[in-house]
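So that the names make sense, note that chain A is the first sequence line, chain B the second, and so on, each numbered from 1.
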Amino acid sequence: SHDYHYGLEDHEGISELFDCD
Amino acid sequence: PPQTPIRAAMTSIQLLRGDLTSSGDQPSANLLTYFKHCTVDPTQDVQKRLETLGQVFSQTFGQAVGPHCVVYGRQRFALGVRLYYRVMEEMLKSEEKRLSVQNFNKLLNDSTFHTSLLACALEVVMATYGESSFKNGGYNHGGGDSAETNVCFPWILNVFNLAAFDFYKVIESFIKADPTLSKDVVKHLETCENLIMERLAWRTGSPLFELLTQEHESGGAEQVETPAN
């Protein structure tokens, strides 16, 4: 297992990051 | 038992190739269904883009590590494509669950999204093969008199003419979508992420500046406090 720090909130995802909301 | 660096690399490579054996080099039926649910079916564009980027990648890989290594470039690309399709499908499943939609028209017709995702998949493959490594600057297979360049990140961005800020957008979702990524590979992607945040995303021409301007013009930015007297 890794200790990557996830920054996205539960309501955020790839769609918002590529301006698809 | 502790492994030598070579044995550890070979194990990682075997795991990656083993994991991707069941993944096809074509979109799965499930992924094709997502494509068909789009207002504009992106299937053909996806395949044409892969053909073009495949040639660019293999040739540039050969130029970087040695002309007799173009075949290795093709091999890396083939693995990268399988990973790209697999992660894309997982991302879409996750988004479908989150947003309760099945039509991802804008996302799946966004060339930048596909290029970023593919670049990330290739970065994972090259990190697994030790070719992209921040620890030792990567290693090249090549020899002879040809000039060799390092293929360590951000090399892949130059190959695909991809902005660092756009590559950054897929990293977290990629890691979430593929729980089989090794600790070392996740660490590598995290290092790429930090390098982008600290330096690469702030280079001249970065799309980040346009985004900041849009935010400012739309009044989204908070007012800066004037300095106290």
S.K.: Within the supplied structure, the quantity of interest is the number of heavy atoms (other residues, nucleotides, ligands) at a distance under 6.0 Å from His5(A) NE2; does it exceed 12?
M.R.: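 Check fails, neighbour count at 12 or below.
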S.K.: Side-chain contact test, heavy atoms from C-beta onward, threshold under 4.5 Å: evaluate it for Leu53(B) versus His114(B) and give yes or no.
M.R.: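 Counting from C-beta outward, Leu53(B) and His114(B) never come under 4.5 Å.
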S.K.: Which label fits Trp155(B) and Phe57(B): parallel for a plane angle under 30°, tilted from 30 to 60°, or perpendicular past 60°?
M.R.: perpendicular
S.K.: Heavy-atom distance under 4.5 Å between the side chains of Thr112(B) and Lys169(B), does that happen here?
M.R.: no
S.K.: Salt bridge or not between Lys187(B) and Glu190(B)? Use side-chain N to carboxylate O under 4.0 Å.
M.R.: yes
S.K.: How would you list, in number order, the residues of residues 93-100 of chain B that have a heavy atom less than 4.5 Å from chain A?
M.R.: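 At a heavy-atom separation under 4.5 Å, chain A is reached by Glu95(B), Arg98(B), Leu99(B).
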S.K.: So, do Tyr6(A) and Glu172(B) sit near enough that their side-chain heavy atoms are less than 4.5 Å apart?
M.R.: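 The answer is yes, as the side chains (C-beta and beyond) meet within the 4.5 Å cut-off.
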S.K.: Would you mind telling me which of Arg82(B), Arg17(B), Arg76(B) makes a side chain to side chain contact (heavy atoms under 4.5 Å, CB included) with Val125(B)?
M.R.: Arg76(B)
S.K.: Counting a contact as any heavy-atom pair under 4.5 Å apart, which residues of residues 192-201 of chain B contact chain A?
M.R.: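 Interface residues of residues 192-201 of chain B: Glu193(B).
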S.K.: Using modelled atom types only, decide if a donor and an acceptor are shared between the side chain of Glu16(A) and the backbone of Gly13(A) within a distance under 3.5 Å.
M.R.: yes
S.K.: Counting only non-hydrogen atoms closer than 4.5 Å, does Val101(B) touch chain A with its backbone (N, CA, C, O), its side chain (CB onward), both, or neither?
M.R.: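 Val101(B) has no heavy atom closer than 4.5 Å to chain A.
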S.K.: For Ser182(B) and Asp184(B), does a side-chain donor sit closer than 3.5 Å to a side-chain acceptor?
M.R.: no
S.K.: Do Ser15(A) and Lys106(B) touch side chain to side chain, with heavy atoms closer than 4.5 Å?
M.R.: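 Sidechains of Lys106(B) and Ser15(A): no contact.
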